[in-house]
Structure formats: structure tokens, C-alpha cells
Amino acid sequence: MAPAVLPSKQQPQPIVVSGPSGSGKSTLLKRLFDAYPNQFGFSVSHTTRFPRAGEEDGIAYNFVSKPDFQKLVAENSFIEHAQFGSNLYGTSIQAVKNVAEQGRTCILDIEMEGVKQVKKTDLNARFVFLQPPSVEVLEKRLRGRGTDKEEAIKERLEQADKEIEYSKTPGVHDQIIVNDDLEKAWEEFREFCVPREKGETDA
Ligand code: ADP
Ligand code: 5GP
């Protein structure tokens, strides 16, 4: 088991969001952070991929070179790490600690291999999977986003099949949300992240 990353069991349970690239993770997370600015904190991963337009170093990701990433691996700095397409991604112990120290619920946005690794740690997370309505719609959304080259889109679609297959394993995710209509998906996502007390209604 990986080393304990949270100071105590009293910390809010972290939430692991996964789903194929283009399934809407960033879109729903942005809504969540806008709606609840003090309640959640993003686990800022390390990656070797190049920043996209608008992505700030230290906010979207910690952008690092491959040798620097490998050094962090050798130093056991990561809770989990994986290769996705031709790039490396990892959640550092420090990233999760930073959020825990603020007393906020830590949100991890990670792919399938990372999910498997997190399940072997003592992070005690809840897992939610965002599923696209179909692979065809996913492809349209990935292209519509306009951030990835053809090669990267192909890699992401291949990976999507694997992610969707893995999501069917019983018990892997606490909830699966199909992101067809965005408003409906947001309601389900919000309810997962901020469960209402019994009998509570919108103010
Ligand atoms: P991810 O973070 O999972 O890779 P994004 O949040 O970047 O995915 O979403 C991929 C693209 O799909 C974005 O351009 C986003 O605006 C769009 N999108 C997300 N959800 C929906 C939806 N329900 N209907 C239509 N487009 C969507
Ligand atoms: P993107 O390049 O689109 O930002 O992310 C590609 C994939 O890498 C997404 O599925 C995202 O969830 C995943 N990812 C981002 N950060 C991490 C991480 O720290 N660890 C793992 N395993 N996957 C990550």
C-alpha cells in the first residue's frame, strides 16, 4: 500500500473523476469549482504534455519534462502515475496534501490506470465516471474542442474504448453519469459531489 497521504480520517473523502478524454470532466469540474469556490480543491497533476492555450502552469497541471517526471517517479513522489497516449501523467502526494491542508474535498481528474492504482492506496476516495452518449458523439466533441491534433484524437478515441470497457467492471465506480444533456449531467454530478441531506430542497 502507498504511504498515507491524508493527515486523518476526518478529512473529507476525496473524489476521483474519470472518463474518456472529451467526456466532459473539465466542463463539469469548472462548474463545480465556480458553484462551490471554497468547498473543493483540485489535485494539480504533473504531466509531460505541452500546455494547451489558456492552461496555466501550476493551475491546470504542473508541466514538466520527461526527465523531471521520471525523477519524481524515482523519488516516490506520486500516489499514482500512468502513460496516456504519448505523455506521462501523475498525482503527487503533495498535490493531494495541498488540498487536504485547506480542509477542502480533493478532486482528482485521472485516467483508468490511475484509478486502478488509487484503489490500492489508503486514499479512501469515491469514484465517479463520466460516460459520453456514444463514441461518435465523443469524437465530435473532441474535434469540436479543437485542442488536439489528429494523432492525439485517434489515441484518445482508442483509449476511450478501454475506459468504457473498464467502467463496466462491477463496483469500480460509485456512480456513472452519461453526459448527454449537459444540464442533466451537471445536476447528477453536483448531487454526487454535494449530496443533499434527506428532505433538503433547493433554496
Ligand atoms: P474532458 O475534460 O473530459 O476531456 P471537456 O470538458 O473538455 O472534456 O469536454 C470536451 C468538449 O465537449 C468541450 O468542447 C465541451 O465544451 C464539450 N461538451 C462537454 N459536455 C457537453 C455536452 N453535454 N454537450 C455538448 N458538448 C459538451
Ligand atoms: P488531458 O491531456 O486531456 O488533460 O488528459 C488526458 C487524460 O489524462 C485524461 O483522461 C485525464 O483524466 C488524465 N489525467 C490527468 N491527470 C492525471 C494524473 O495525474 N494521473 C493519471 N493517471 N491520469 C491523469
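Atoms within each ligand, like the ligands themselves, are counted from 1 in listed order. Remember, predicted model here, so these are calculated numbers, not experimental data.
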Original post:
Should E136 and K140 count as an ion pair when the cut-off is N to O under 4.0 Å?
Top reply: no
Original post:
Charged N to carboxylate O under 4.0 angstrom, E139 versus R143?
Top reply: yes
Original post:
How about K119: does its NZ atom have over 12 heavy atoms from other parts shown lying under 6.0 Å from it?
Top reply: yes
Original post:
Looking at residues at least two apart in the chain, or sitting in another chain, which of them share a salt bridge (charged side-chain N to carboxylate O under 4.0 Å, His left out) with E113?
Top reply: K116
**OP:** Taking only heavy atoms of the protein into account, state which residues are under 4.0 angstrom from an atom of ligand 2, in chain and number order.
**Re:** S21, K25, S45, R49, R52, Y61, E80, A82, F84, Y89, G90, T91, D109, I110, E111, G114, R156
Subject >> Residue pair H81, Y89: steps toward the side-chain contact (heavy atoms from CB on, under 4.5 Å) verdict >> reply: CA-CA 6 Å; H81 62 92; Y89 296 80; over 6 Å; no
Original post:
Are R126 and F192 in a cation-pi contact, defined as NZ or CZ under 6.0 Å from the six-membered ring centre and within 45° of the axis?
Top reply: yes
Original post:
Between F78 and H46, is the ring centre distance below 6.0 Å?
Top reply: yes
**OP:** Select all protein residues for which some heavy-atom-to-ligand 1 distance is less than 4.0 Å, and list them by chain and number.
**Re:** P20, S21, G22, S23, G24, K25, S26, T27, R141, R145, N179, D180, L182
**OP:** Look at atom CD of E75 and say whether more than 12 heavy atoms of other residues, nucleotides or ligands are closer to it than 6.0 Å.
**Re:** yes
Subject >> Partners meeting salt bridge (charged side-chain N to carboxylate O under 4.0 Å, His left out) with K66 (sequence neighbours left out) >> reply: none
